[in-house]
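Quick notes on the structure that follows.
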Amino acid sequence: TGIQQGKDFRYVDLEEELWSPSAKVVVYQNLDRLSLSIYTERGAFVLGRQGLSPGVARGISPLDLFQRLPLATPFFTEIRGVDAFLARFPLKETAEISGAVVLGEKGAWEESATFVSGRLTLGTTDARGLVGIVREYLVLGGATEMPVKDAGVWLEALEIVPQKDGDSFF
């Protein structure tokens with residue numbers, strides 16, 4: 001078993017084919033975003049299907065815990081929606097803390113995830129940290145992003161610790 005094996009992080013999914021009254025008429029769906037967002041002075045709250053990625057990388061990111069990564073097309077522009085409740089709280093103009101509960105199939109805990117992450121900007125450097133439980137794994141991650149001359153550089157790392165018998169791997 002693995003952290004990204006199994007079903008997508010979705011409570012329930014509609015069938016791709018919605019309606020087919022005849023062989024010549026077929027109605028398909030690809031619902032990937034549908035959420036309710038509430039913004040207050042203290043924070044933002046999003047409930048529903050949403051793109052969720054705690055990483056900073058522009059291609060494959062080790063912190064994109066909720067994606068099945070297509071190795072043939074690593075530089076995708078669209079993050080697949082997951083069913084989640086996300087809360088974000090600004091700490092200052094350059095810092096925030098966020099947390100989420102991400103539902104797996106039928107809300108089963110062994111198919112779901114939860115995490116808390118933080119972001120801080122110091123000068124021109126962004127730093128992020130993440131701790132969470134994804135399926136049956138403890139995850140600890142971090143990322144930094146900074147300019148170097150006229151280019152941007154980022155580094156991400158993720159430690160995955162199985163909760164059952166087994167060794168940690170990186």
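You'll find the side chain of Leu140 stays beyond 4.5 Å of the side chain of Leu158, heavy atoms only. The shortest distance between side-chain heavy atoms of Leu130 and Val139 falls below 4.5 Å.
The two residues Glu105 and Glu111 have their closest heavy-atom pair at N-CB, 4.0 Å. Closest heavy-atom contact between Ser112 and Gly104: OG-N, 2.8 Å. Shown here for Arg33 and Gly51, the closest heavy-atom pair between the two residues is NE-N, 3.4 Å.
Expressed to the nearest 0.5 Å, how far CG of Leu155 lies from CD of Glu145 amounts to 11.0 Å. The CH2 atom of Trp109 sits 5.0 Å away from the CD1 atom of Ile133 when rounded to the nearest 0.5 Å. Rounding to the nearest 0.5 Å gives a distance of 5.5 Å between CG of Leu86 and CD of Gln50. With rounding to the nearest 0.5 Å, the separation of CG in Leu120 from CD1 in Ile97 is 11.5 Å. Between the OG atom in Ser117 and the CZ atom in Arg88 there is a gap of 8.0 Å [rounded to 0.5 Å].
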Practice prompt. Show the numbers, then the answer: is there a side chain to side chain contact (heavy atoms under 4.5 Å, CB included) between Leu91 and Glu96?
Written response: CA-CA 5 Å; Leu91 300 176; Glu96 78 174 18; 5.5 Å; no
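Although no hydrogens or angles enter the test, the distance criterion places no donor-acceptor pair under 3.5 Å between the side chain of Thr124 and the main chain of Met146. The backbone N or O of Val134 lies less than 3.5 Å from no partner atom in the side chain of Thr114, so there is not a single donor-acceptor pair.
Screening residues 82-106 for ring-ring contact (aromatic ring centres under 6.0 Å, His included), with sequence neighbours left out, gives Phe45-Phe89.
By the side chain to side chain contact (heavy atoms under 4.5 Å, CB included) test, Thr94 is found to be paired with Thr121, residues two or more places apart in sequence or in another chain being considered.
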Side-chain donor-acceptor pairs of residues 17-28 under 3.5 Å, sequence neighbours excluded:
{"unit_1": "Ser20", "atom_1": "OG", "unit_2": "Ser22", "atom_2": "O", "d": "3.3"}
{"unit_1": "Ser22", "atom_1": "OG", "unit_2": "Lys24", "atom_2": "N", "d": "3.3"}
{"unit_1": "Ser22", "atom_1": "OG", "unit_2": "Val25", "atom_2": "N", "d": "3.4"}

